[in-house]
S.K.: 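Have a look at this one before I ask anything.
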Amino acid sequence: MGLFARIAIYVVGLIAAAAAGFAGGYFLRNHFVGQKITEREEKAERILEEAKTRARELELDAKDEAIRIKQEAEKENQRRVRELNREENRLQHRRESLDRRMDSLEKRERRLRQREEKIKARERELDEARDEHVQELERIAGLSREEAKEVLLDQVREETKADAARIVREMESRAHVEAERKAREIITTAIQRVASDQVAETTVSSIELPNDEMKGRIIGRGGRNIRAFENITGVDLVIDDTPDTVVLSSFDPVRREIARIALERLVLDGRIHPGRIEEMVGKAKQEVNNVVRETGEEAVMEVGVHGLHPEIVKMLGRLRYRTSYGQNVLQHSIETARLAGMMAAELGANVDMVKTAGLLHDIGKAVDHEVDGPHAIIGAEIAERYHMPDEIVNAIAAHHEEREQSTVEAVLVQAADAVSGARPGARRESLENYIRRIKALEHVANSFQGVEDAYAINAGREVRIMVIPEKVDDATATHISRDVAKKVEETIQYPGQIKVTVIRETRAVQYAK
């Protein structure tokens, strides 16, 4: 058999096999698909049957729930009906009670109207009786009602005036006693808290030399060294017969301190000539300026005052070299600030303002050798120049009464200044000199015609003169004050200034018998 025949038979066989496979597959597919459809139909019927059964169960449950809710609603309705019945019964009782109260109130109102009518009738009877009584009194007294009222009011006024005057006197007396007691207590407490055990040292104005030969070296050939020293320092150098000692004399304590330091160093160094003098004075001046600045800052910190101008702090430090009757002025200013602050705290015044004014109250003494006028006024001008508050300016100016005090703080500063200067051990003026100056002051005042009495007060800073009013009129009193002040200036040596006050008064005196 040829090749093509075999190939043809092979292809035909393949086609026959494929046809048979396709037919078998189709048959099997239809068989399985039909079987699955039958199973799914049976399953759907089962599900439908279960759904119907579940629906019937749910329907029964819904009916049971509806019956239960209906029963509960009926119970709630019955409960509310019972509550409404109880509330209606309670309201009925209240209406009955209100009706009874209304009846009672109506009865009381009728009784009150009856009593009111009786009272009005009684008032009419009383008015008529009073009018008759007044008419009878007017007839007996011979005065009308208005006249009698005026007489009675006059009597009441006189009695009230007398009682008021008596009460005022009693209150004033008690107030004076209490004020004096309180003032003594405050001042005593303040003194006890800050009083120093001893006074500060007085600035030294003399210098001891190793030998008298040093005086010649200080003078120099032809006096050139001493002239150069005095010209550079502005201080007078006094060389006399006192052994091994020279004296520095100057109205400016800072210059005197610079000169003292420079001269001590020149003596210690031994080389004394104009060039060396100028060099030593320059170093001493720088040293003293540093000490002045540091001292002022320490004083400000010690008192607790802040915000001061640097120039004021520097002036404050200059007071370290200033003394008054042996009392260091800087220590006196610090003590015054503390005393014033304590008294201000007790009285409820402005503590910071009082401490600042107390610390600066003598600031004018730092430059009073350069500016004419009382140191209090100079200090006030300095404070005003550096824009200090008006209250502080007034307290500085008024601490010796050159100006009128405008605040309580100014009064406290004046009191603290007096306490610091007058306390035992504060100043070194001898008792004999003090008494002698007081007597001389009173003697000058009493020497004028028309003066009845004269009293020196405020530690000799003021003299008060009582004149005879019949002999001295107001114009003459002014002349007496001026003449006394002039004579005091010419005849008495005193520190600071003295206030002369002439008092002329007329008194009217009667005696109750």
Side-chain angles (χ1 to χ4, degrees), residues 199-300 309-324 326-331 333 362-372 375 378 382 428:
V199 299
E201 286 189 12
T202 305
T203 304
V204 177
S205 298
S206 61
I207 297 177
E208 294 185 3
L209 304 177
N211 51 60
D212 277 347
E213 294 180 0
M214 186 61 67
K215 291 182 180 180
R217 301 176 64 179
I218 293 174
I219 295 172
R221 183 180 302 174
R224 66 169 188 166
N225 290 345
I226 191 171
R227 285 197 302 270
F229 186 85
E230 291 179 345
N231 291 335
I232 294 172
T233 60
V235 175
D236 294 332
L237 184 57
V238 181
I239 300 178
D240 53 17
D241 296 335
T242 305
D244 301 334
T245 303
V246 294
V247 177
L248 299 171
S249 176
S250 174
F251 57 85
D252 188 336
V254 177
R255 289 183 187 176
R256 189 173 64 242
E257 180 66 13
I258 294 172
R260 183 188 65 81
I261 294 174
L263 187 58
E264 285 181 349
R265 291 180 179 178
L266 286 169
V267 170
L268 185 64
D269 182 63
R271 295 175 294 171
I272 304 176
H273 54 80
R276 189 63 175 170
I277 291 173
E278 186 175 357
E279 179 185 353
M280 287 297 182
V281 170
K283 291 182 179 179
K285 186 179 296 184
Q286 183 63 37
E287 180 180 340
V288 170
N289 288 337
N290 292 336
V291 171
V292 165
R293 187 186 68 257
E294 292 173 0
T295 302
E297 292 173 354
E298 290 174 0
V300 169
H309 194 279
E311 286 300 321
I312 292 183
V313 176
K314 187 176 179 180
M315 291 182 189
L316 194 63
R318 291 168 64 92
L319 297 179
R320 169 179 177 171
Y321 304 108
R322 177 69 185 265
T323 59
S324 178
Q327 184 181 29
N328 185 277
V329 176
L330 179 58
Q331 294 301 321
S333 299
D362 275 346
I363 195 70
K365 289 185 177 181
V367 295
D368 61 352
H369 54 276
E370 302 172 358
V371 182
D372 292 333
H375 73 274
I378 297 172
I382 293 172
R428 207 173 53 190

S.K.: Would you name the heavy atoms of Ile232 and Pro274 that are closest together and state the gap between them?
M.R.: CD1-O, 4.5 Å
S.K.: Supply the atom-to-atom distance Ile382 CD1 to Ile312 CD1, rounded to the nearest 0.5 angstrom.
M.R.: 8.0 Å
S.K.: Does any N or O in the side chain of Asp362 come within less than 3.5 Å of the main-chain N or O of Val329, such that one atom is a donor and the other an acceptor?
M.R.: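 No, because the side chain of Asp362 does not come within donor-acceptor range (under 3.5 Å) of the backbone of Val329.
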S.K.: Which distance, rounded to the nearest 0.5 Å, do you find between the CD of Glu298 and the CD of Glu294?
M.R.: 6.5 Å
S.K.: Within the distance-only criterion (no hydrogens, no angle test), does the side chain of Arg322 pair as donor or acceptor with the backbone N or O of Lys365 below 3.5 angstrom?
M.R.: yes
S.K.: State which residue, out of Leu263, Ile219, Ile226, fulfils the side-chain contact (heavy atoms from CB on, under 4.5 Å) condition with Val246.
M.R.: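 The single option meeting the side-chain contact (heavy atoms from CB on, under 4.5 Å) with Val246 is Leu263.
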S.K.: Looking only at heavy atoms, which two atoms of Ala284 and Ile261 are closest? And how far apart?
M.R.: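 Here Ala284 and Ile261 meet closest at CB-CG2, 3.8 Å.
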S.K.: I'd like to check Glu264 versus Leu268 (side-chain heavy atoms, cut-off strictly below 4.5 Å). Are they in contact?
M.R.: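 No, their side chains stay 4.5 Å or more apart.
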S.K.: NZ/Lys314 to OG1/Thr295 distance, rounded to the nearest 0.5 angstrom?
M.R.: 12.5 Å
S.K.: Treating Asn289 as the side-chain partner and Val292 as the backbone partner, does any N or O pair qualify as donor plus acceptor under 3.5 Å?
M.R.: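 Between the backbone of Val292 and the side chain of Asn289 there is no qualifying donor-acceptor contact (under 3.5 Å).
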S.K.: Looking at residues at least two apart in the chain, or sitting in another chain, which of them share a salt bridge (charged side-chain N to carboxylate O under 4.0 Å, His left out) with Arg276?
M.R.: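 If we apply the salt bridge (charged side-chain N to carboxylate O under 4.0 Å, His left out) test to Arg276, skipping adjacent residues, the hits are Asp269, Glu279.
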S.K.: Checking Glu230 side chain against Leu237 main chain: does a donor-acceptor pair fall under 3.5 Å?
M.R.: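 Yes, the answer is positive, given that a donor and an acceptor are paired below the 3.5 Å cut-off.
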S.K.: In Å, rounded to the nearest 0.5 Å, how long is the span from CE of Met214 to CD1 of Ile239?
M.R.: 11.0 Å
S.K.: Over all heavy atoms of both residues, which pair between Arg271 and Leu266 is shortest? Give the atoms and the distance, please.
M.R.: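 Scanning both residues completely, I find the closest heavy atoms to be O-CD2, 3.8 Å.
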S.K.: Hey, is the main chain of Gly222 close enough, under 3.5 Å, to the side chain of Arg227 for a donor-acceptor pair?
M.R.: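 Yes, because the side chain of Arg227 sits within donor-acceptor range (under 3.5 Å) of the backbone of Gly222.
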S.K.: Under the criterion side-chain contact (heavy atoms from CB on, under 4.5 Å), which of Ile207, Val267, Asn225 is the partner of Ile218?
M.R.: Val267
S.K.: Considering non-hydrogen atoms only, spot the tightest contact between Val235 and Ala259 and give its length.
M.R.: CG2-CB, 3.9 Å
S.K.: What are the two closest non-hydrogen atoms of Glu257 and Tyr321, and how far apart are they?
M.R.: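 What the structure gives for the nearest pair is CG-CE2, 3.3 Å.
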S.K.: How far does CD of Glu311 sit from CD1 of Ile363, to the nearest 0.5 angstrom?
M.R.: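 Atom-to-atom, Glu311:CD and Ile363:CD1 are 10.5 Å apart.
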S.K.: Would you please name every residue forming a side-chain contact (heavy atoms from CB on, under 4.5 Å) with Pro310, sequence neighbours left out?
M.R.: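 By the side-chain contact (heavy atoms from CB on, under 4.5 Å) rule, Pro310 matches no residue at all.
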S.K.: Please give me the minimum heavy-atom distance between Arg293 and Val313, naming the atom from each residue.
M.R.: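 Of all heavy-atom pairs spanning Arg293 and Val313, the closest is O-CG1, 4.4 Å.
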S.K.: For the CG atom of Leu248 and the CZ atom of Arg255, what is their distance to the nearest 0.5 Å?
M.R.: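 Nearest 0.5 Å value for the CG-CZ distance: 13.5 Å.
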